Structures are given as C-alpha cells and as structure tokens.
Amino acid sequence: MGQRDEISGGAAVKKPWLTLSRKQGLVGWAFLFVAAGLIVWMNFYPMIRGFYLSLYRGAGANMEFAGAFNYLRLLEDPQFRQTIATTFMYLLVQVPIMLITGLVLASILNKPNLKGKGFFRTAIFLPAAVGLVAYSLVFRQMFAVSGIINTIAMNIGIMETPFNWFGSAWSARMIIILGLLWRWTGFNMIFYLAGMQNIDRSIFEAARLDGANVVQQFWKITVPLLRPIILLTAIMSTNGTLQLFDESFNLTGGGPGLTSRTMSHHIFASAFQGIPQIGYASAMSFVILLFVAVLALIQIKVGDRR
C-alpha cells in the first residue's frame with residue numbers, strides 16, 4: 001500500500017501544451033493566414049472598392065454619390081451595348097474553334113509512334129509564350145495594306161488591289177479572332193495532352209479490337225474522359241475572352257469606329273481616355289463580373305455530371 005500510495009501520490013507529469021503536432025498546425029495556419037490576407041488585399045478589396053466607386057459619378061475631388069445612376073446609364077449606352085455584342089461574338093466564334101482545334105491537335109500529337117512530336121508540341125505551344133504587344137505588332141504588319149498577306153494574295157491572283165483589312169468591321173474582327181486562335185490554341189492543347197497521357201492505352205486497344213475507328217475512339221473515349229479538363233479550359237477561355245483587352249487595344253485600336261472594341265477596352269477608354277469616368281467604368285466592370293460568374297456557373301452545371 002505504501003508503494004502504491006507513493007506512486008499515486010507522486011507528482012503528475014504534465015505534457016507541454018505546445019506539442020509537435022500543434023506546432024505543425026500553427027505553422028500551417030500561419031502560412032494560410034498570409035495567403036488569405038494577400039487574396040483579400042489583392043482581390044476582394046479592389047472588388048469592394050470598385051463597387052463603392054460605381055455608386056459615384058464625376059472625377060477626383062468632384063465625385064458625388066449617385067446611387068444606381070451609372071447602372072441605369074448602362075442600359076441606355078449604345079456604345080456599351082455594341083461592345084457587349086462584339087465581345088460575345090468573339091466568345092461564340094473563337095472559343096469553340098479554339099477548344100476543338102486544341103483537342104484534335106492533342107489527339108494527333110499523343111500518338112506514341114509519331115515522329116518529331118516533341119518539336120510540333122513545342123512549336124504549337126510557343127505562341128502562348130509570346131508577348132501580347134509583340135505579336136499584336138507583328139499581326140498589324142502582316143495585315144497592313146502593304147503587308148505580306150496582301151502581297152501573297154495579289155501574287156497568286158486572289159486580289160488585284162491591296163485590301164485594307166483594318167478598314168472594315170468584319171475583317172478587323174476576323175484578325176482579332178485569328179490572333180486569339182494563333183496564341184491560345186496551343187495553350188489549351190497542353191492541358192488536353194497532359195490529360196490524354198494519363199489515359200490507359202489499353203482502353204484504346206480494347207476499343208480497336210471491338211471495331212471502333214479513330215473518330216469513334218475520340219468521341220466515345222477521349223472526350224468523355226477529358227470532360228473535367230475540357231470544362232476547365234472552357235471556363236478559362238470564356239473568362240479570358242470576356243475580359244479581352246490587349247488585342248482590341250493593340251491590334252485594331254477598337255476600330256474602325258468602335259466595331260472591334262471589347263468591353264474591357266471600352267472600360268479603359270471611359271476611365272483613362274478623355275474625361276475620366278471612374279464611377280461609370282467601375283459599373284461596367286461589375287457587369288463583366290456578372291457575365292463571367294453566370295457563364296461559369298452555367299458551364300459547371302452543364303459540364304460537371306457529379
């Protein structure tokens with residue numbers, strides 16, 4: 001009993017509060033707190049500040065509270081409606097072509113016995129690494145009145161006189177679409193190629209033994225298995241097109257007139273060119289945010305079957 005009392009009556013050994021697992025947890029929360037703070041500071045604060053400015057009109061010290069005035073003005077602005085129509089035209093024409101072309105190229109370059117596939121993969125992806133301003137200047141030179149496109153077309157007899165590609169609405173928009181396809185198709189192709197390399201080749205071999213041809217394998221096996229990646233690239237491409245600025249600003253200048261100007265270009269012009277309209281430009285930016293959010297939600301609902 002004495003020994004038992006001595007053991008039970010001895011001093012209890014207390015574990016330290018800051019154990020190794022708690023130290024690791026605190027370190028993780030510290031890193032998470034820094035990242036969350038940066039996200040709030042660099043993303044959410046500008047959004048909140050932009051919404052605040054959208055409720056004001058005027059510029060500088062002369063800004064005054066206007067409530068929903070800027071949003072009501074949007075409904076009556078023919079220039080903004082035209083930029084919306086132009087931007088959605090780019091979206092509906094360019095994005096499907098780019099995604100389908102990227103899928104087809106990735107399927108071709110995924111063949112194990114294809115010679116020189118490393119070179120072709122690099123060559124197709126390289127435009128995504130080219131600066132936006134640089135490639136815009138190159139395209140301007142190519143489609144100039146005395147550029148290489150008119151020169152080739154006249155030499156082979158397609159045209160008799162040079163054509164002003166930037167002088168009509170349809171051709172200026174076509175140049176922007178071509179520039180987008182040239183630059184971003186390879187970017188999306190890399191995503192598809194990475195996904196295809198994770199598909200077991202035995203699935204295609206089994207389908208081939210069952211009599212499926214190349215087209216059937218593509219639509220019945222490749223596309224369904226790449227659905228999450230296709231959804232991701234569709235959302236990114238939609239988001240990027242709705243915020244398209246560089247091509248409109250550097251390639252065509254939004255012309256002729258405003259026929260090739262995008263929404264983001266129009267926001268920039270309203271805020272920083274001529275008489276500053278910061279509140280009105282902030283209201284337009286929130287309309288783009290609404291478009292992006294709604295279209296992304298629709299794409300997720302349609303494309304994600306989980």
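Worth saying up front: this structure is predicted, and the values here are computed from it rather than measured.
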Next on the checklist: With a 4.5 Å cut-off on side-chain heavy atoms, are Met284 and Ile288 touching?
Outcome noted: no
Next on the checklist: Which residue is it: Leu91, Val95, Leu232? I am looking for the one with a side chain to side chain contact (heavy atoms under 4.5 Å, CB included) to Ser237.
Outcome noted: Val95
Item to check | Aromatic ring pairing Tyr135/Phe139, orientation class (parallel under 30°, perpendicular over 60°, tilted between) | outcome: perpendicular
Next on the checklist: Cation-pi check for Tyr90 against Arg173: NZ or CZ below 6.0 Å from the six-membered ring centre and within 45 degrees of the axis, yes or no?
Outcome noted: no
Item to check | Side chains of Phe249 and Arg261 in contact at under 4.5 Å (non-hydrogen atoms) | outcome: no
Item to check | Ile97 reachable from Met236 in the ILVMFWY side-chain graph, under 4.5 Å edges | outcome: yes
Item to check | Point-to-point distance, once rounded to the nearest 0.5 Å, from CD1 of Ile176 to OG1 of Thr241 | outcome: 11.5 Å
Item to check | Option from Ile229, Thr222, Leu225 for which side chain to side chain contact (heavy atoms under 4.5 Å, CB included) with Met196 holds | outcome: Thr222
Next on the checklist: With a 3.5 Å distance limit and no angle check, can you tell me whether Thr252 reaches the backbone of Ala172 through a side-chain donor-acceptor pair?
Outcome noted: no
Checklist entry - With a 4.5 Å heavy-atom cut-off, do Phe245 and Met263 have their side chains touching? => result no
Checklist entry - Around atom CG of Leu32, are there more than 12 heavy atoms of other residues, nucleotides or ligands at under 6.0 Å? => result yes
Item to check | Side-chain H-bond candidate by donor/acceptor type, Thr238 with Gln299, under 3.5 Å | outcome: yes
Next on the checklist: Classify the ring geometry of Phe268 against His265: parallel below 30°, tilted from 30° to 60°, perpendicular beyond 60°.
Outcome noted: tilted
Next on the checklist: With a 4.5 Å cut-off on side-chain heavy atoms, are Tyr192 and Ile230 touching?
Outcome noted: yes
Checklist entry - Taking a hydrophobic cluster as the set of Ile, Leu, Val, Met, Phe, Trp and Tyr residues connected by side-chain heavy atoms closer than 4.5 Å, whether directly or through intermediates, do Phe187 and Leu126 fall within one such cluster? => result no
Next on the checklist: Is there a path of hydrophobic side-chain contacts, each under 4.5 Å between heavy atoms, that joins Val223 and Phe191?
Outcome noted: yes
Checklist entry - Can you tell me if Asn213 uses its side chain to pair, donor with acceptor, with the backbone of Val215 under 3.5 Å? => result yes
Checklist entry - Cation over ring, Arg201 on Phe204, under 6.0 Å and within 45°? => result yes
Just list the side-chain donor-acceptor pairs under 3.5 Å for residues 104-113, sequence neighbours left out, or say none.
none

Item to check | Interatomic distance, Gln94 atom CD to Leu244 atom CG [nearest 0.5 angstrom] | outcome: 8.0 Å
Item to check | Residues, nucleotides or ligands: over 12 heavy atoms within 6.0 Å of Gln273 CD | outcome: yes
Item to check | Shortest non-hydrogen separation from Met154 to Glu160 and the atoms involved | outcome: SD-O, 3.8 Å
Next on the checklist: Is the positively charged end of Arg73 above the ring of Tyr280, judged by distance under 6.0 angstrom from the centroid and angle within 45° of the axis?
Outcome noted: yes
Checklist entry - Arg57 side chain to Asn70 main-chain N or O, any donor-acceptor pair under 3.5 Å? => result no
Next on the checklist: Please determine whether residues Val138 and Trp184 belong to a single hydrophobic cluster, defined as Ile, Leu, Val, Met, Phe, Trp and Tyr linked transitively by side-chain heavy-atom distances below 4.5 Å.
Outcome noted: yes
Next on the checklist: Using only atom types and a distance under 3.5 Å, with no angle test, would you say the side chain of Thr185 pairs donor to acceptor with the backbone of Gly102?
Outcome noted: no
Checklist entry - Would the number of heavy atoms belonging to other residues, nucleotides or ligands and lying under 6.0 Å from CD1 of Ile148 be above 12? => result no
Checklist entry - Is it true that Met89 and Phe166 fall in one hydrophobic cluster, defined by side-chain heavy atoms closer than 4.5 Å? => result yes
Checklist entry - Ile298 versus Val294: any side-chain heavy-atom pair under 4.5 Å? => result yes
Checklist outcome for this item: Nearest heavy-atom contact between Gln217 and Ala207 is CG-CB, 4.2 Å
Checklist entry - Considering only heavy atoms from C-beta outward, does the side chain of Phe88 approach that of Leu295 to under 4.5 Å? => result yes
Checklist outcome for this item: For Ala283 and Ser54, the nearest pair of non-hydrogen atoms, with its separation, is N-CB, 3.6 Å
Item to check | Nearest-0.5 Å distance, OG1 of residue Thr86 to CZ of residue Arg81 | outcome: 12.5 Å
Checklist outcome for this item: Closest non-hydrogen atoms of Ala212 and Gln216, given as atom of the first, atom of the second and distance, are CA-OE1, 3.2 Å
Checklist entry - Is the backbone of Pro256 close enough, under 3.5 Å, to the side chain of Thr259 for a donor and an acceptor to pair up by distance? => result yes
Checklist entry - Do His266 and Thr83 meet the criterion of a side-chain donor-acceptor pair at a distance under 3.5 Å? => result no
Checklist entry - Do we see a donor-acceptor contact under 3.5 Å between the side chains of Ser282 and Tyr52? => result no
Checklist entry - With no hydrogens and no angle check, is any side-chain donor or acceptor of Asn150 less than 3.5 Å from a backbone partner on Ala144? => result yes
Checklist entry - How about Glu247 and Ser136: does a side-chain donor come under 3.5 Å of a side-chain acceptor? => result no
Checklist entry - Should Trp165 and Phe163 count as side-chain neighbours, where that means a heavy-atom distance under 4.5 Å? => result yes
Checklist entry - With side chains defined as the heavy atoms from C-beta onward, is the minimum distance between Val287 and Leu74 less than 4.5 Å? => result yes
Item to check | Atom pair CG/CG of Leu132 and Leu251 - distance to nearest 0.5 Å | outcome: 11.0 Å
Checklist entry - Do we see a donor-acceptor contact under 3.5 Å between the side chains of Ser171 and Ser168? => result yes
Item to check | Nearest-0.5 Å distance, CZ of residue Phe51 to CG of residue Leu289 | outcome: 11.0 Å
Checklist entry - For the atom pair CZ (Phe286) and CG (Leu290), what is the distance rounded to the nearest 0.5 Å? => result 10.5 Å
Next on the checklist: Checking Met174 against Leu178 for the side-chain contact (heavy atoms from CB on, under 4.5 Å) test, could you report, in this order, the C-alpha distance in whole Å, the side-chain angles of both residues, the deciding distance, and whether it holds?
Outcome noted: CA-CA 6 Å; Met174 183 197 70; Leu178 288 175; 4.2 Å; yes
Checklist entry - Is the backbone N or O of Gln243 less than 3.5 Å from a side-chain atom of Ser264, with the two atoms forming a donor-acceptor pair by type? => result yes
